[in-house]
Amino acid sequence: KKISDILEKSAPKPGVPADLQNLLSQHFGESRSVIEIEELKLSDSCFLPANDLTHSFSSYLKEICPKWAKLRKNHKEKKSVVMLVICSSALRALELIKSMTAFKGDCRVLKLFAKHIKIKEQMNMLEKGVFHIGVGTPGRVKALVEQDGLCLNSTKYVILDWNWRDQKLRRMMDIPEIKKETIDLLEMYIIKLCREGSVKLGLF
C-alpha cells in the first residue's frame, strides 16, 4: 500500500512529541545501545505546544512565542538565528516565509536551502548581518552548522514543518532523504541543546 492511499482514506492527525520520539527510537533502535537511545530521548518540557491543525503558520508562531518582539530586539549575534524552521523543500520554505508575515514584523529572515543559492553566499550573509529567522531544508542547515557558517547557541526555537503534505501526500518525515537529514541534524546538534534547555522544539 502506498502512503498516499492510506492517507486519502484517513483524516490527518496532528503530530505530537511522541511521534518524533517514536521515529527516533525506530530509526536508531537496531544500531544503538539502550543507553545511547536514552540520550536521544527528550522530555515533554523540551517541546512547544504542537499545532492542532487549526493554525496558520503566523498564528502558531504567535502562540508559541508571545514575546517575539522582545527576543527580536535583543538578538545581536551574527552567524545565528533565534528561530530555525526546517521543511522539506526550497518551495515549501518560500511558502512558509510568505505565510509568517503577520508574525515576523520587521525582522530579517534568511533562506537556508540549496536551490539557486550557494552555501558560501549564505555563510557571507550570516557573517555580515544579523538575522532572526532561518527557514530551510535539513541538509543545507546541517552543512552550514558543520562548516561553522551557522551557530546554534542563540537559537531558542526549532520548528519542524511536521504536518504539511506535498502533492503526493508525503510529510517531510515520509521522504527518506529528508527524514535521514532531519534525524542527523537533530542527533548531531539539536537534541543536545533541547536537553540543556536552551532550545524548544515545535511540530507545526
Side-chain angles (χ1 to χ4, degrees), residues 20 48 56-58 60-61 64-65 68-164 166 170-194 196 198-204:
L20 179 60
L48 297 156
S56 69
F57 196 41
S58 274
Y60 175 69
L61 295 178
I64 60 165
C65 185
W68 176 246
K70 191 176 166 195
L71 275 175
R72 189 179 84 212
K73 217 184 275 158
N74 294 340
H75 177 63
K76 307 271 192 291
E77 288 86 20
K78 291 176 177 172
K79 288 175 66 169
S80 68
V81 291
V82 183
M83 181 181 286
L84 191 54
V85 182
I86 307 288
C87 58
S88 54
S89 68
L91 265 171
R92 177 62 180 158
L94 294 173
E95 256 175 51
L96 285 168
I97 291 168
K98 268 194 201 133
S99 64
M100 63 162 75
T101 311
F103 166 77
K104 69 178 170 45
D106 57 1
C107 79
R108 299 182 71 195
V109 179
L110 189 58
K111 303 179 186 99
L112 300 175
F113 47 74
K115 204 170 191 169
H116 310 312
I117 309 177
K118 292 191 172 74
I119 193 162
K120 282 276 178 285
E121 280 174 46
Q122 287 163 335
M123 287 170 83
N124 284 340
M125 288 173 83
L126 281 158
E127 209 162 316
K128 290 187 179 126
V130 173
F131 288 89
H132 304 86
I133 302 177
V135 184
T137 51
R140 176 52 62 95
V141 170
K142 187 168 121 255
L144 281 162
V145 178
E146 279 169 347
Q147 294 180 36
D148 198 31
L150 177 65
C151 170
L152 298 177
N153 291 351
S154 313
T155 304
K156 305 258 185 291
Y157 299 95
V158 174
I159 312 295
L160 300 178
D161 184 28
W162 188 271
N163 296 301
W164 181 78
D166 65 11
R170 298 173 306 178
R171 294 167 310 175
M172 62 186 278
M173 292 305 199
D174 298 324
I175 304 165
E177 187 186 334
I178 301 293
K179 173 182 163 182
K180 184 184 181 314
E181 286 178 337
T182 305
I183 288 175
D184 286 350
L185 181 66
L186 286 166
E187 185 206 1
M188 288 155 79
Y189 306 106
I190 294 168
I191 286 176
K192 181 174 171 284
L193 296 170
C194 290
E196 287 166 3
S198 63
V199 166
K200 296 269 191 212
L201 205 51
L203 306 181
F204 174 64

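Note that the structure is predicted; figures quoted are calculated from it, not measured.
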Taking atom CD of Glu77 as the centre, does the number of heavy atoms from other residues, nucleotides or ligands within less than 6.0 Å exceed 12?
yes

By the ring pair (Phe, Tyr, Trp, His ring centres under 6.0 Å) test, which pairs, at least two apart or in different chains, include something from residues 105-126?
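Listed once each, the pairs would be none.
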
Under-4.0 Å salt bridge between Glu95 and Lys98
no

Minimum heavy-atom distance [X]-[Y], with the two atoms named:
X: Met100; Y: Val85; result: CE-CG2, 4.3 Å
X: Ala114; Y: Thr137; result: N-OG1, 4.4 Å
X: Trp162; Y: Met172; result: N-SD, 4.5 Å
X: Ile119; Y: Ala143; result: CD1-CB, 3.7 Å
X: Ser88; Y: Trp164; result: OG-CZ3, 3.7 Å
X: Pro138; Y: Cys87; result: CD-O, 3.3 Å

Within the side chain of Ser154, is there an N or O that forms a donor-acceptor pair under 3.5 Å with the backbone of Val82?
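No.
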
Please check: side-chain N/O of Lys79 versus main-chain N/O of Asp148, any donor-acceptor pairing under 3.5 Å?
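A pair under 3.5 Å: yes.
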
Contacts of type side chain to side chain donor-acceptor pair (under 3.5 Å), residue [X], not counting sequence neighbours:
X: Glu196; result: Lys192
X: Ser198; result: none
X: Asp184; result: Lys180
X: Asn124; result: none

Inter-residue atom distance [X].[atom1] - [Y].[atom2], 0.5 Å rounding:
X: Leu61; Y: Trp68; atom1: CG; atom2: CH2; value: 8.5 Å
X: Leu150; Y: Leu110; atom1: CG; atom2: CG; value: 8.5 Å
X: Lys115; Y: Leu94; atom1: NZ; atom2: CG; value: 9.0 Å

List the atom pairs, with distances to 0.1 Å, where a side-chain N or O of residues 126-133 and a protein N or O form a donor-acceptor pair under 3.5 Å, not counting sequence neighbours.
unit_1	atom_1	unit_2	atom_2	d
His132	ND1	Arg108	N	3.0
His132	NE2	Arg72	O	3.4

Measure centre to centre between the rings of Phe57 and Phe103, then say whether the value is under 6.0 Å.
no

